[in-house]
Protein chains: 2
Amino acid sequence: MLETTNERAAMPAVPAATGRSTSNGSAQRRRAGRPSAALLDKAGITAAALELVSRKGYEGLTMAALAKALDVAPSALYNHVASKQDVLLLVEDHLMSLVDVSGFEAGPWEDAVRTWAWSYRDVFAEHTPLIPVIAVLPVTDAPQTLAMYETVSKGFSDAGFPQERIVPAIVALESFIFGSAYDVTAPEDIFESGSMADSTPHFTAAVHSSAASGAAGQAGKEGGRQADTAFSMGLDALVSGLGALRGRAEYL
Amino acid sequence: MLETTNERAAMPAVPAATGRSTSNGSAQRRRAGRPSAALLDKAGITAAALELVSRKGYEGLTMAALAKALDVAPSALYNHVASKQDVLLLVEDHLMSLVDVSGFEAGPWEDAVRTWAWSYRDVFAEHTPLIPVIAVLPVTDAPQTLAMYETVSKGFSDAGFPQERIVPAIVALESFIFGSAYDVTAPEDIFESGSMADSTPHFTAAVHSSAASGAAGQAGKEGGRQADTAFSMGLDALVSGLGALRGRAEYL
DNA sequence: GCTAATAAATGAATGGCATTCATTTAGTGG
DNA sequence: CCACTAAATGAATGCCATTCATTTATTAGC
């Protein structure tokens, strides 16, 4: 398939005009060397990575596939990012800008936290492979992430939280949110005990009883319904429990 | 290095005695074909995987390394497990047996949940790469996991939880636990905003204030201290919030 | 305006990885 | 006794991230 090496010596200085206008997606070998206008930058890489993920999922996000989407050789990416992890960081930071923090600008703290938490969970439920990345990511390298924390911190502060409790409270909420994002992707029948149901009567009964009360509607494969119930319960508990901390001092 | 193909025809039927007693770890080429006594089984594979992880971490857990630890060719593993994911499942289920559910057999529900949650978090803080695996793992394939759920479910039931709220409550707690396990592994300075500190005054102040109140002692690299504070706060909130659900009906 | 340094691309390795397959040998059931 | 199955070896296979030498273009300094 790959044609056998000529075309390099041939046609010495065709200006090549404005790149590929032939409307076919990718053909048209580009010759080596720095192009007049740069083909890549971080924003473009981020956008291509996001689009690739939305089409093929995270298994489909390989450096080779990303390069192909950008019509570039894989090694070219390394002039702009140091590693694949670096690409994931770019994606992660972009996603943070999609999290809804608008509630913190007005209205009661409880409502703001709820809005923020639900949108945060929804964004990352579609991107669970990033969660291990976030958990270790220094905020310095992530301006959008930092911006989110600033807004949320201010919201907590304005709501009367003592300084030293703001970060732990946010971390606790975030932990719950990340864990809950995984739930959304779990299969609905994950708790079906099958053949060992006899030896686990309490659990089996609990599973059936919760499935019965929740699943009035359609039975999709994704465990959205169950996950939503658990998220709602946990979030209520956290909001009221953490909200009560605005006042006395215990955690120091 | 690899000696060049003889030894196959040579020495036709040396009994090979009881395998490798030469006390050197691994040398002594084994000849192909089924051995008299099986070298591998799931328990052995699980144990070797755990030991390998504790020595080299999860990056060190490769099928090749696992095979070498068991003094076996990599392909031999596939007679006992279908994939590497399968190995991770075995490890995961083994770890579940280390989670402390003893509190549910006697004493107040609140204490039992706290003991369970702390030990659950501590076990998986050392094994965060398994968390994505657990989240999707059907309990049928995981007897220890199922056993844990049975004990916990019974504890909730005995404490007066209505059937249909038991599973969501456990899921909410687990979500928080998994998310918190990641925190433990995060670097202590993850929230240092560095050069952009000026543009994030509230967050920067909150970070410094929580660091000041928590870190009276030694400054290790791992964020154990901060993570513990957040976990403690969140767990208190969840325990009191969820505990209050024993009675009225709202989540159906 | 020349020239050295730097930036951005290609293309050809490299090494690690999980997994598969043909082959060999040893037990097992009819 | 013989066919079948189980459990091992060893040699591929294909994918993947990353590196390196090379080519070409732009930019900074004299």
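FYI, side chains are in, hydrogens and waters are out, and symmetry mates aren't considered; it's all heavy atoms of this structure. Chain naming here is simple, since letters A, B, ... match the order of the sequence lines and numbering starts at 1 in each.
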If I take atom CG in residue Leu61(A) and atom C1' in nucleotide dA17(D), what distance separates them, rounded to the nearest angstrom?
12 Å
Of the options dA18(C), dA9(C), dT26(D), whose atoms approach the side-chain atoms of Ser36(A) most closely?
dT26(D)
Earlier contact from the 5' end, DNA chain D, for Ala73(B) and Arg34(B)
Arg34(B)
Of Pro74(B) and Ala37(B), the one whose closest nucleotide on DNA chain C sits nearer the 5' end is Pro74(B)
Gap between atoms CG and P, on Asn79(A) and dT19(D) respectively (whole Å):
12 Å
Do the ring planes of Phe176(B) and Phe231(B) sit parallel (below 30°), tilted (30 to 60°) or perpendicular (above 60°)?
parallel
Just checking Ala38(B): base, sugar-phosphate only, or nothing, at a heavy-atom cut-off of under 4.0 Å?
sugar-phosphate
Using whole Å, report how far CG of Leu40(A) lies from P of dA7(C).
15 Å
Starting from P on dG15(C), measure out to CE on Met63(B) and report it in whole angstrom.
23 Å
Of the nucleotides dA9(C), dA26(C), dT24(D), which has the atom closest to the Arg31(A) side chain?
dT24(D)
Under 6.0 Å between the ring centres of Phe178(B) and Tyr182(B)?
no
Tyr78(B) has an atom OH; how far is it from atom P of dT20(C), in whole Å?
7 Å
Classify the ring geometry of Phe203(B) against Tyr149(A): parallel below 30°, tilted from 30° to 60°, perpendicular beyond 60°.
parallel
Which part of the nucleic acid does Ser75(A) contact within heavy-atom distance under 4.0 Å: base, sugar-phosphate only, or nothing?
base
Would a 4.5 Å heavy-atom cut-off, applied to side chains only, mark His80(B) and Ile45(B) as touching?
yes
